[in-house]
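Notes follow the structure.
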Amino acid sequence: MARQDKTPVQILDIPLPETRRVEAQLLADVVTAPETMGDVQPLIHPDFFTDPDRRGIWETIVDQYEHGRAFDIATLSQVIGSPFLQQVLPFTDRPATSTTALEHATALRTGAAKLRAYISAVAFIQKAVNPAAAELDVLAAAEAFPSAVEGPAPVQTELSLAEAVEAVRTEAETERRARAEGRTTRISSGILALDGFINGGFKAGQLIVLAARPGVGKTSLMLHFAKTAARGGAPVYVSTLEMTGTELGEKFVFSTGHVRPADVASGNLDRAAFDAAAAELSGLPVLINQFSRTLDQIVARITQAVKKGRCSIAFIDYLGLIQDTSNLGGGVKLYQVIAKITGDLKALAKRLGIPVVLLCQLSREAVRDKRSPELYDLRDSGSIEQDADIVLMLEQEYRDGRLSITAWLRKNRGGRRTGTRRGDLGFVLIPNDTYSAFTEGGIVNEDDLPEDTRPAPIDVTQSKYYNPDRFHEPDRDNDEELLF
């Protein structure tokens, strides 16, 4: 009995797991680098903080973040005051990165789990050595131990098949209710043929890659997607690393057909025509970000826009200009950088429940070899084709003196099959005079599809460029072969 009496004392003599410093450091991380909050928040529960002041600071930061308000040093010094200045400010001397913030978040989770395990172990042994405890009391304490250690915000690593099946049922029911109300949970691309093959539009959680050589039209097609989404009531977020906001605005204006580039360049702008274009565009829910250059900045701004209800689909133009080598250490290879970017953007799409459209460049080989682009032509591809749910590749061709674009659907995860006897499916797009909007010219290789896999027919006969007698599969060995 004497030995039993000493057992709890011996356990309590073991140093208690210490997390005070990492708690303060994590708070400093998200304050000095707010773009890390989107990755950190899902990992942290308020109960992980052992001090009421630090817990209160975390809850204030979360509240500011979820309402789209600032949570920088100056703001929190004013909002929180002395507790922030004493607990967190001394740890803000070094700005954080995504890597350091995630390391500290993981360390805090681990420390909190150890602390729960320590406290639960003491409680269990105290129950075990209590002379009044019955066998069932001890067994109950043992069964409760794992859940006590797991605590709040457990790591979700597995999903049962039954849960996965129910998730499918929920998704189908959500879509059914939406369609009964005359809407859809998907976002139309504005290309009827493409929508038919991706089951109605872009889906939440998807990473869509739009690839082309420079000057082929990927930015213009991106704006076609964006304008279609915005007209459908879906708030659009465009992060442009290549153009200024004004340049992107010009492309939107030209897409209306009311204003031509020469009108702006020459200063001979028809005010009535411009007013008509402005009236068509100004009410669209589109946000343009021309300042973010790093992946962390882009992710943070998109996350905040989603939290504010101002983003249902995000566009990033383009992959090759995203600066993200600082978090990977020295000697990093380009394909590793690309893999990190596409992996993080796929994770962002899943976490926020939005489609993310990423533009990227193709290598020169397809043009040099006079063939249509394939997945292996993705420039410094890394994991692009692995992470992407949909891959569209654009090919520009001059046929009969007129410019057209074929958008090849090279990957379509979760959609209808795209392979045919003569190759993958392509959608012929005919640009307007300012190369800023498109009409549909038909589907390449459609005749090879079984009847039950063909999308609903589209009416392209109203296009002044469409000639059904000239639409057939292109001959890649003959540059003079006509597409349509």
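Just so you know, residue 1 is the first one in the sequence shown, and it goes up from there.
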Query - Separation between CZ of Arg410 and CG of Asp377, rounded to the nearest 0.5 Å - result: 9.0 Å
**Report entry** Flag if over 12 foreign heavy atoms under 6.0 Å of CZ, Arg21
**Finding:** no
Query raised in the report: Can you find a pair of side-chain heavy atoms, one from Asp53 and one from Ile80, that are under 4.5 Å apart?
Result: no
Query - Minimum side-chain heavy-atom gap Thr294-Val299 below 4.5 Å - result: no
Query - Side-chain touch Cys360/Leu378, heavy atoms, less than 4.5 angstrom - result: yes
Report task. State, without any angle test, whether Tyr318 and Glu242 hold a side-chain donor-acceptor pair at a distance under 3.5 Å. Result -> no
Query raised in the report: Side-chain donor-acceptor pair under 3.5 Å between Asn289 and Ser292, yes or no?
Result: yes
Query raised in the report: Quick one: does Leu89's side chain get under 4.5 Å of Thr92's, heavy atoms only?
Result: yes
Query raised in the report: Is a side-chain N or O of Asp387 found less than 3.5 angstrom from the main chain of Gly343, in a donor-acceptor match?
Result: yes
Report task. Answer yes or no: is there a donor N or O on one side and an acceptor on the other, between the side chain of His224 and the main chain of Gly190, under 3.5 Å? Result -> yes
Query raised in the report: Does the Arg213 side chain pair with the main chain of Leu362, one donor and one acceptor, at a distance under 3.5 Å?
Result: yes
Query raised in the report: Can you find a pair of side-chain heavy atoms, one from Leu345 and one from Thr342, that are under 4.5 Å apart?
Result: no
Query raised in the report: Looking just at side-chain N and O atoms, do Asn130 and Gln126 make a donor-acceptor pair shorter than 3.5 Å?
Result: no
Query raised in the report: What do the steps show when you test Ile384 against Leu319 for side-chain contact (heavy atoms from CB on, under 4.5 Å), and what is the final call?
Result: CA-CA 10 Å; Ile384 299 176; Leu319 171 64; 3.6 Å; yes
Give every donor-acceptor pair under 3.5 Å between a side-chain atom in residues 310-317 and any protein atom, sequence neighbours left out.
unit_1	atom_1	unit_2	atom_2	d
Asp317	OD2	Thr219	OG1	2.9

Query raised in the report: Rounded to the nearest 0.5 Å, how far apart are CZ of Arg293 and CG of Leu321?
Result: 6.5 Å
Query - Pairwise distance CZ(Phe427) to CG(Leu429) - rounded to 0.5 angstrom - result: 9.0 Å
Query raised in the report: So how far is it from Arg54 CZ to Leu108 CG, rounded to the nearest 0.5 Å?
Result: 9.5 Å
Query raised in the report: Taking Asp389 for the side chain and Leu207 for the main chain, is one N or O donor matched with an acceptor at less than 3.5 Å?
Result: yes
Requested in this report: Test Trp58 against every option in Tyr65, Phe49, Phe71, Phe84 by the ring pair (Phe, Tyr, Trp, His ring centres under 6.0 Å) rule and name the one that passes.
Outcome: Phe49
Query raised in the report: Quick one: ring-ring contact (aromatic ring centres under 6.0 Å, His included) partners of Phe254, sequence neighbours excluded?
Result: none
Query raised in the report: Is the shortest distance from a Lys or Arg side-chain nitrogen in Arg413 or Glu385 to a carboxylate oxygen in the other one below 4.0 Å?
Result: no
Query - Under 3.5 Å: donor-acceptor pair, side chain of Asp195, backbone of Ser188 - result: no
**Report entry** Heavy-atom pair of closest approach, residues Lys218 and Leu210
**Finding:** O-CD2, 3.4 Å
Query raised in the report: Any salt bridge between Glu173 and Arg176, counting N to O under 4.0 Å?
Result: yes
Query - Leu358 side, atom CG; Met222 side, atom CE - distance, nearest 0.5 Å - result: 11.0 Å
Requested in this report: Identify the heavy atoms of Ala234 and Ile187 that sit nearest to each other, and give their distance.
Outcome: CB-CD1, 4.0 Å
Query raised in the report: So, Gln290 side chain and Thr244 main chain: donor-acceptor pair closer than 3.5 Å or not?
Result: no
Query raised in the report: Has the side chain of Lys411 got a donor or acceptor atom that lies under 3.5 Å from a matching backbone atom of Ala388?
Result: yes
Query raised in the report: Side chains of Glu395 and Thr406: is there a donor and an acceptor less than 3.5 Å apart?
Result: no
Report summary line: On a heavy-atom basis, the closest approach of Ala230 and Leu284 is CB-CB, 3.9 Å
Requested in this report: Might you work through the side-chain contact (heavy atoms from CB on, under 4.5 Å) test for Asp29 and Gln25, ending with a clear yes or no?
Outcome: CA-CA 6 Å; Asp29 287 345; Gln25 187 61 65; 3.2 Å; yes
Query - Nearest-0.5 Å distance that lies between atom CZ in Arg109 and atom CG in Leu102 - result: 12.0 Å
Query raised in the report: Below 4.0 angstrom, N of the basic side chain to O of the carboxylate: do Asp344 and Lys340 qualify?
Result: yes
Query raised in the report: Is there a donor-acceptor pair under 3.5 Å between the side chain of Thr100 and the backbone N or O of Ala96?
Result: no
Report task. Answer yes or no: is there a donor N or O on one side and an acceptor on the other, between the side chain of Lys350 and the main chain of Gln206, under 3.5 Å? Result -> no
Report task. Test side-chain contact (heavy atoms from CB on, under 4.5 Å) on Thr19 and Thr110 and set out the steps. Result -> CA-CA 9 Å; Thr19 61; Thr110 302; over 6 Å; no
Requested in this report: For residues Leu287 and Pro235, determine if any side-chain heavy atom of one lies less than 4.5 Å from a side-chain heavy atom of the other.
Outcome: no
**Report entry** Exercise: do Thr75 and Asp72 side chains pair donor with acceptor under 3.5 Å
**Finding:** yes
Query raised in the report: Short question: side chain of Glu18, backbone of Arg20 - any donor-acceptor pair under 3.5 Å?
Result: yes
**Report entry** Chi angles and distances behind the side-chain contact (heavy atoms from CB on, under 4.5 Å) call for Leu241, Ile298
**Finding:** CA-CA 10 Å; Leu241 292 87; Ile298 293 170; 4.0 Å; yes
Requested in this report: Taking all heavy atoms of Gln41 and all of Val62, pick out the closest pair and write down the distance.
Outcome: NE2-CG1, 3.4 Å
Report summary line: Closest non-hydrogen contact found for Gly217 with Phe438 is O-CZ, 4.4 Å
Query raised in the report: Just wondering, do Lys251 and Ser220 contact through their side chains at under 4.5 Å, heavy atoms?
Result: yes
Report task. Would you mind reporting whether Ile61 and Val30 have side-chain heavy atoms less than 4.5 Å apart? Result -> yes
Requested in this report: List the atom of Leu394, the atom of Ala407, and the distance in Å for their closest heavy-atom pair.
Outcome: CD2-CB, 3.6 Å
